[in-house]
2 protein chains.
Amino acid sequence: MARVGLNAERLTRAGAELADEVGFDKVTVSALARHFGVKDASLYSHVRNSQDLKTRIALLALEELADRVAAALAGRAGKDALAAFANAYRDYAREHPGRYAAAQLELDYETARNSAAVRHSRMTRAILRGYDLAEPDETDAVRLLGSTFHGYVALERAGGFQHTPRTTEDTWPRILDALDALLRNWPKA
Amino acid sequence: MARVGLNAERLTRAGAELADEVGFDKVTVSALARHFGVKDASLYSHVRNSQDLKTRIALLALEELADRVAAALAGRAGKDALAAFANAYRDYAREHPGRYAAAQLELDYETARNSAAVRHSRMTRAILRGYDLAEPDETDAVRLLGSTFHGYVALERAGGFQHTPRTTEDTWPRILDALDALLRNWPKA
DNA sequence: TACGTTTGCCTAATACTCCTAGGTATTTTA
DNA sequence: TAAAATACCTAGGAGTATTAGGCAAACGTA
């Protein structure tokens, strides 16, 4: 019979697309097998198991997201960089909800260490170059930014901001204003 | 044969405890049935299905968390209230990781509307009474606080802050300082 | 206290997902 | 073109979710 031509990368890409369509938690080995018109068991030559498949999708999403952020950040500094970073992050989550959810998957130490997660933390730190922060304030500020962006996107996605007339479109730029103001006037210890 | 005496509430409580022990996503109908020494099918007289069980655990967690926050907030204002709120939130997540994850479950509109989630948003707004913010800044600030706390707890739990010498114990109070400073000097539109 | 009703828990059965072992056929390579 | 690698298969076992229908314990009432 004709072969479909599977390999780990095609499975990962199809899994990422499937995640965006139906949700990351609904990406299963059998759903993916159905998508390619093969039997479940056939996937196990390319992927160790279900967890491995999910990890690969997570790593793909982290790479893509890091690439986007890097592109958005190029040549910008200060508040421009802050906004570019934040928007890249948020836009990715909206365009690719499944991949974004995948990027949140908890990776074991070793896997995370060799993933694009490292680029993410370096880029977050790079934003702060336009502001005048010394350690340990810089680390604290990195954590604040990461927390706020991640939290905002998560709550927005969960529909947490839908019960008031104020739209999230209006709120978002104001939050960037606020964070910019905060970074320019970081409180003394 | 002797009956165990199941009912929806006991199942929900046991499910919440199980969530804290093994993770919310590992709370299954069959695991819970095993815990009580009964057959899977027996649970379906008390709970509609797996989703219903998870929703009940989520609602329980939201109630508990709201109670804690309310207690922490009583009689406080300004930065005191901010810190009490944030700590109640964070402590709950650390003591009850499974329940906290459950509280993040996406509820449909109607369910959310009748849940303790409403108390949560009211309490978040109450914090701001000690600061001088008019609408729509108040709504934006509520969203910023919610995002930051939620995001911080999520990233901390995922181990996102473990790769640097600066501990999260040191960072956390500084983030509260920063948010307090920000609320006192909210930028003009 | 006996009787009927409720209901807590059971057995049986179906369906879906994950995964292993071992086989066949196709493609690659030497 | 024969050998090696490998893409996909069949078969089957285990766990989870769920429905349908049954028996017996507990409860309310006459």
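Chain identifiers are assigned alphabetically (A, B, ...) following the order of the sequence lines, protein sequences preceding nucleic acid strands; residue numbering begins at 1 within each chain.
For the pair B/Leu43 CG and C/dT7 C1', the computed distance is 15 Å after rounding to whole Å. Residue B/Lys26 contributes atom NZ, which lies 16 Å from atom C1' of C/dT17 at whole-angstrom precision. The CG-C1' distance, from B/Leu32 to C/dC9, rounds to 15 Å in whole Å. Separating the CG atom of A/Asp52 from the C1' atom of C/dC19 is a distance of 13 Å, rounded to the nearest angstrom. At whole-Å resolution of the value, CZ in B/Arg10 and C1' in C/dC9 are 14 Å apart. Spacing between atom OH of B/Tyr44 and atom C1' of C/dA12 amounts to 15 Å, rounded to whole angstrom units. Rounded to an integer number of Å, the gap from B/Asn7 CG to D/dA26 P is 16 Å.
If you check D/dT16, C/dT26, D/dT18 against the side chain of A/Arg3, the one that comes closest is C/dT26. If you check D/dT18, C/dT11, C/dC18 against the side chain of B/Lys39, the one that comes closest is C/dT11. Comparing D/dT18, D/dT10, D/dC8 by their closest approach to the side chain of A/Ala41 singles out D/dT10. Minimum atom distance to the side chain of B/Asp40 is reached by D/dA17, of the listed C/dC10, D/dA7, D/dA17. Side-chain proximity of B/Thr28 to C/dT20, D/dC8, D/dT16: nearest is D/dT16.
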Requested in this report: Could you give me the CA-CA distance, side-chain angles and deciding distance for A/Thr111 and A/Asp108, then say whether side-chain hydrogen bond (donor to acceptor under 3.5 Å, both in side chains) is met?
Outcome: CA-CA 5 Å; A/Thr111 309; A/Asp108 57 81; 2.9 Å; yes
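For the pair A/Arg34 and C/dT17, the criterion of a side-chain N or O lying under 4.0 Å from OP1 or OP2 is met. An OP1 or OP2 oxygen of D/dA17 is reached within less than 4.0 angstrom by a side-chain nitrogen or oxygen of B/Ser30. For C/dC9, the OP1/OP2 oxygens have a side-chain nitrogen or oxygen of B/His46 closer than 4.0 Å.
A ring-centre distance under 6.0 Å is not found for A/Trp186 and A/Tyr131.
Judged purely by distance below 3.5 Å, without hydrogens or angles, the side chains of A/Thr148 and B/Thr148 pair a donor atom with an acceptor atom. No side-chain N or O of A/Asp20 forms a donor-acceptor pair with one of A/Tyr100 less than 3.5 Å apart. A donor-acceptor contact under 3.5 angstrom links the side chains of B/Tyr152 and B/Thr168, judged on distance only.
A/Ser42 comes within 4.0 angstrom of a nucleotide base, judged by non-hydrogen atoms across all strands.
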